[in-house]
Amino acid sequence: MSTDVLICGAGRTPFGRSEASGRHLALGAVNAALADAGIAWSRVGAAFGGSDNAGLADTLVTQLGLTGLPFVNVKNGCATGGSALVSAVNAIRSGMADVVLAVGFDKHPRGAFDPRPEDWGLGAEYGSDGLMVTTQFFGMKIQRYMHDHGITPRTLALVAEKAYHNGGLTPEAWRRKPVSAEEILDSGMVSDPLTRYMFCSPGAGAAALVLCSPEAARTLEGTPVTLRAAAVRTRRFGSFEVFSPSIPPGPLTSVSRDASAAAFEEAGMGPGDIGVCQLQDTESGAEVMHMAECGFCEDGEQERLVASGATGIGGTLPVNTDGGCIANGEPIGASGLRQVYEIVQQLRGRAGERQVPGEPRTGFTHVYGAPGVSACTVLSR
């Protein structure tokens, strides 16, 4: 069987607050993806999916249909959706099935995430010292990066300003009201240098993709997009990641650099070939760092690129055209697949007001999560 994998159906729900359960949202995304592909649930030969705290994905068969297919639950932090996608790709390439579903969903309570250190292989003192609060890590990491590479707080504000603008063009986004860079800088310090409006918020939402072999794609109604590569990597020694109990001296390694390099190598392409991309932006500093870690610029070049508008929808490197996590919020299980959904719409030319001009032919997605895992994809039409 060919190693090529196509995305023939894509669906998502609105993100934000919802009275519906996470499973209900997942059903909505799955049914939207099936409708987009023009198939019934009975045509799906295998499925992979997960959430952080909204239930087990395999229980969706109760409503979707008891067809007996293998349905594997995936849980990998913020990279849950991306990991489900990699599993689905491997299922097709191995010949396990020719039509496979990937789904991610979540519904988080209000407030910051509240992880227990013991669940992450850390001592209880790590939590009592306040280091399990992820906003502290984000602040420390971007503070160091700004010091080393000359990034200013205004650049962080401009990244968030772009996110809110793009969210206003995305019907499913949570935050759809434009916010100026000045308002963002004045919104109150959370973890220096990151202010309140530079962060995303935990929320609810779901996204799903129907993947298929080229042979199966010829029998389906959806407009296919080629998934050129999908890679997942975990941290190596020397990384500065969420819940790191220590940092060794010397040059830092980066799980995002490793995952993106693996994806580009598999695709036979490089960052310069990409027309539109999605980068993890749990907060605006993350987008800045991931631009360099994924190879789209050198460290420190972000200051100029962001100020020039290069990362805007009409720029030379459109980043997070749907508003990213900052505008959409982060239902952990869904974020990685929401990114791929956006690239699929861009490559199909169906992104509406946020459509990148010039008919982009290639796209890239990157997700990063605790305790140091990254998933990246390369897509083309």
Side-chain angles (χ1 to χ4, degrees), residues 52 77-80 108 110-115 117 120 122 126-127 129-164 174-175 179 181 184-185 187-203 235 239-247 252-257 259 278-294 299-300 302-303 306 319-320 323-332 335-336 339 366-375:
D52 186 65
C78 295
T80 292
H108 302 294
R110 293 177 182 272
F113 294 122
D114 187 25
W120 299 83
L122 300 168
Y126 197 83
D129 289 342
L131 295 176
M132 292 300 289
V133 180
T134 55
T135 53
Q136 301 230 41
F137 161 78
F138 295 135
M140 289 188 293
K141 188 167 186 178
I142 189 58
Q143 188 78 270
R144 174 173 177 163
Y145 191 87
M146 292 168 67
H147 172 271
D148 290 347
H149 301 292
I151 305 297
T152 62
R154 181 164 181 79
T155 293
L156 305 184
L158 289 174
V159 167
E161 180 182 67
K162 171 179 64 70
Y164 293 118
W174 184 4
R175 312 297 190 190
V179 184
I184 292 164
L185 287 169
S187 61
M189 192 64 67
V190 175
S191 293
D192 193 14
L194 299 170
T195 66
R196 179 183 176 187
Y197 291 168
M198 293 178 185
F199 283 94
C200 76
S201 299
R235 64 198 187 280
S239 63
F240 183 14
E241 313 294 354
V242 183
F243 308 150
S244 297
S246 62
I247 305 172
L252 295 176
T253 63
S254 163
V255 65
S256 295
R257 291 187 192 275
Q278 294 279 107
L279 303 177
Q280 178 83 2
D281 61 331
T282 315
E283 32 70 37
S284 54
E287 180 176 318
V288 169
M289 291 183 286
H290 292 146
M291 286 173 62
E293 290 184 353
C294 292
D299 291 310
Q302 302 96 322
E303 185 83 358
V306 171
V319 178
N320 293 335
C325 288
I326 293 175
N328 284 272
E330 185 166 31
I332 284 180
S335 283
Q339 291 181 329
H366 157 272
V367 66
Y368 165 86
V373 58
S374 179

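Hydrogens, waters and symmetry mates play no part in the numbers below; they use all other heavy atoms, side chains included.
Side chain of Tyr145 to backbone of Gly285: no donor-acceptor contact under 3.5 angstrom is found. Looking at Ser201, its side chain never comes within 3.5 Å of a backbone N or O of Gly329 through a donor-acceptor pair. Remark: side-chain polar atoms of Glu287 are not paired, donor with acceptor, to backbone N or O of Asp281 under 3.5 angstrom. The backbone N or O of Ile184 lies less than 3.5 Å from a partner atom in the side chain of Thr195, making a donor-acceptor pair.
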Please tabulate, one pair per line, all N/O donor-acceptor pairs under 3.5 Å involving side-chain atoms of residues 133-141, not counting sequence neighbours.
unit_1: Gln136; atom_1: NE2; unit_2: Gly130; atom_2: O; d: 3.2
unit_1: Lys141; atom_1: NZ; unit_2: Phe240; atom_2: O; d: 3.0

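Scanning both residues, Ala292 and Arg257, for their nearest heavy atoms gives O-NH1, 3.4 Å. Heavy-atom minimum distance, Ala181 versus Glu161: N-OE2, 2.9 Å. Between Pro153 and Met198, the shortest heavy-atom contact is O-CE, 4.1 Å. Taking all atoms of both residues into account, the shortest heavy-atom contact from Leu279 to Cys294 is CD2-SG, 4.1 Å.
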Let's go through Gln280 and Glu330 carefully: what are the C-alpha distance in whole Å and the side-chain angles of both, what is the deciding distance for side chain to side chain donor-acceptor pair (under 3.5 Å) to 0.1 Å, and is it a yes or a no?
CA-CA 10 Å; Gln280 178 83 2; Glu330 185 166 31; 3.2 Å; yes
key: Intermediate values then yes/no, side chain to side chain contact (heavy atoms under 4.5 Å, CB included), Arg144 and Asp148   = CA-CA 6 Å; Arg144 174 173 177 163; Asp148 290 347; 3.8 Å; yes
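Shown here is Tyr197, whose OH atom has no more than 12 heavy atoms of other residues, nucleotides or ligands within 6.0 Å.
Looking at residues two or more places apart in sequence or on another chain, you find a ring-ring contact (aromatic ring centres under 6.0 Å, His included) between His290 and His366, Tyr368.
The line from OG of Ser191 to CZ of Arg196 is 14.0 Å long, rounded to the nearest 0.5 Å.
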